[in-house]
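Down below is the structure, laid out as structure tokens.
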Amino acid sequence: MNKALEILQRRGFIQQCTDFEGLSRAMNEGPITFYVGCDPTGPSLHIGHMVPFFAYKHLVSAGHHGIALLGGGTARIGDPSGKTEMRKMISYDEIDANAERFRRQLDAFLKFDGKTAYTANNKDWLANLNYIEFLRDIGRHFSVNRMLSFEAYKIRMETGLSFIEFNYQLLQSYDFLELYKRYNCRLQIGGDDQWGNIVAGIELIRRVEGAETYGLTFPLITTSDGKKMGKTEKGALFLDPEMVSPYDFFQYWRNVDDRDVKRFLLLFTFLSEEECEQLTAPDKNINEAKERLAYEVTKLIHGKDEADKALEGAHAAFGGSGNIEAMPTLTLPRQRFEAGYPVLDLFVDAGLAPSKSEARRLIQQNGAMVGGKLWTNEKQAVTLADCDCAEYCILRAGKKRYMRILFE
RNA sequence: GGAGAGAUUCCCGAGUGGUCAAAGGGGGCAGACUGUAAAUCUGUUGGCUUAGCCUUCGAAGGUUCAAAUCCUUCUCUCUCCA
């Protein structure tokens, strides 16, 4: 088997391939161009998008050429695959703004050089398609009967599928065709939910161009307790540091299930397989492996500085050592403490409770700490005397959420 | 276009005049046990100036001492027929 493919397989990336041997042969013959698409339907990429991009990096470092396709055109339609209901329509402006953010996030991770790694936006060829021509040239190759038999549409047969979404597959297939023609792109990779769309594209290219292309999918990552990967109580694990702070990002990985550590090390870091193996060996402390996982992934997404900071902050919060400065920090007016800061307000202002009722509950349930001491009186105000020192005060909500309050 | 069904708190889903801030489950949060893990158990889960008050049951009006529950109009969703 081709070496790059073998790496992907050993690291747990591969779910399905349209033609393993054919692809392996093609890749052995020389660098091939592949693509992975994602639709900018939200303001930021999240970790669920990233598995194909980790694969992207593996493939590029094996010498192949990768295109990251931004679905500026397809986002206007909405992919019904795996969705139970129709996505709400997004304005063109919003899509374009999202696409630009996606591009920047991907650039930071993939380091586009314009030669072996670059982006394209399907808006360029989809936005001004002529409907009649599209139907005549592309639409005629698609069988409705066959499309209806796809698993992706099965759920939607129950709840309803509008015509706009039914066209999604045609557009994605057309993308592949277009990339084949423009860049000789011969492989599409993506999450396993894209299988149907990928296969449809391969067939379209075969019919229109008589050429053989390939599809490769990766498993949709779920955590060992069956939840969708990257879902947190606040929503998805976004890459945008404004939406999920590097500290919280780090904490997500630090807290993964024991059973997921090795799998995630292989998928979401570029540590060698031996190293992943060693870190998770039975005689090793699994918590060190988790910490390494958290550090490595944070470094890849947010850079070394942020990763160092998150690690230090975590040590300060949980370990007693580390750097207090690196803990999540917020500044509040000193005079409020001088006047006596009502605890409930303090916890809300610190972002540790969404409402005063929640803050009250936290205190009633013995989950609130101020300056290292359990706080039990919801009516009592916090003064400087209750704080850790004259410079700051550490608040804790539950076991894991910390906030260091600076006075100003 | 015609006929029917439906819209309930984060999600699913009970509730058909007062006893409803609304059963039950899921999820979340907190506590115990631990390892910042899993599993388990307990508590909690609209807001607030918390023995009380205020806002919520698709939207707007109306009936009533009293409405998630009854009436009117509107919006949206689904099913069947064309």
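First the proteins, then the strands, lettered A, B, ... as listed; each starts at 1. Because the structure is a prediction, the values reported are computed rather than measured.
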Practice prompt. Indicate, with a heavy-atom threshold strictly under 4.0 Å, whether A/A314 touches base, sugar-phosphate, or nothing.
Written response: base
Worksheet item: Are any of the side-chain nitrogens in A/D308 or A/K299 under 4.0 Å away from the carboxylate oxygens of its partner?
Response: no
Discussion item. Are there over 12 heavy-atom neighbours, none belonging to A/K304, within less than 6.0 Å of that residue's NZ?
Written reply: no
Worksheet item: Between B/rU34 atom P and A/I286 atom CD1, what is the distance in whole Å?
Response: 20 Å
Worksheet item: Considering residues at least two apart in sequence or located in another chain, which fulfil the salt bridge (charged side-chain N to carboxylate O under 4.0 Å, His left out) criterion with A/E178?
Response: A/R182
Give every pair of a protein N or O atom and an N or O atom of nucleotides 44-48 of chain B that lie under 3.5 Å apart, one pair per line with the distance.
residue: B/rU44; atom: O4'; partner: A/Q365; partner atom: OE1; Å: 3.3
residue: B/rG47; atom: OP1; partner: A/S355; partner atom: OG; Å: 2.9
residue: B/rG47; atom: OP2; partner: A/R361; partner atom: NH2; Å: 2.8
residue: B/rC48; atom: OP1; partner: A/K356; partner atom: N; Å: 2.9
residue: B/rC48; atom: OP2; partner: A/K356; partner atom: N; Å: 3.4
residue: B/rC48; atom: OP2; partner: A/S357; partner atom: N; Å: 2.5
residue: B/rC48; atom: OP2; partner: A/S357; partner atom: OG; Å: 2.5

Discussion item. Any donor-acceptor pair, under 3.5 Å, between the side chain of A/N287 and the base of B/rG35, if you only look at N and O atoms?
Written reply: yes
Worksheet item: How far does the C1' atom of B/rC12 sit from the matching atom of B/rC65, given to the nearest Å?
Response: 36 Å
Response to the item:
A/R259 CZ to B/rG35 C1', in whole Å, measures 15 Å
Discussion item. Heavy-atom count check: over 12 atoms from other residues, nucleotides or ligands less than 6.0 Å from A/N128 CG?
Written reply: no
Fill in: Comparing A/R396 and A/Q251 on RNA chain B - which has the more 5′ nearest nucleotide
A/R396
Discussion item. Please give the distance between the P atoms of B/rC54 and B/rG2 as a whole number of Å.
Written reply: 45 Å
Item to complete: With A/F264 as reference, evaluate A/T269, A/L293, A/V297 under the side chain to side chain contact (heavy atoms under 4.5 Å, CB included) test and give the passing residue.
Response: A/L293
Worksheet item: Does OP1 or OP2 of B/rU49 have a side-chain N or O of A/K379 closer than 4.0 Å?
Response: no
Discussion item. Just to be sure I understand the rule, does A/D257 reach a base, reach only the sugar-phosphate, or reach nothing, if contact means heavy atoms closer than 4.0 Å?
Written reply: sugar-phosphate
Response to the item:
Considering only heavy side-chain atoms of A/F318, the closest of B/rU36, B/rA37, B/rA30 is B/rU36
Discussion item. Quick check: on RNA chain B, is the nucleotide nearest A/N366 upstream (toward 5') of the one nearest A/E291, or the reverse? Name the residue that is more 5'.
Written reply: A/N366
Worksheet item: For atom OH of A/Y92, is the number of surrounding heavy atoms from other residues, nucleotides or ligands below 6.0 Å larger than 12?
Response: no
Discussion item. Would you say the ring centers of A/F34 and A/Y214 fall short of 6.0 Å from each other?
Written reply: no
Worksheet entry | Rounded distance in Å between the C1' positions of B/rC48 and B/rA3 | 48 Å
Worksheet item: So, does the side chain of A/D258 form a donor-acceptor pair with the base of B/rG35 at under 3.5 Å?
Response: yes
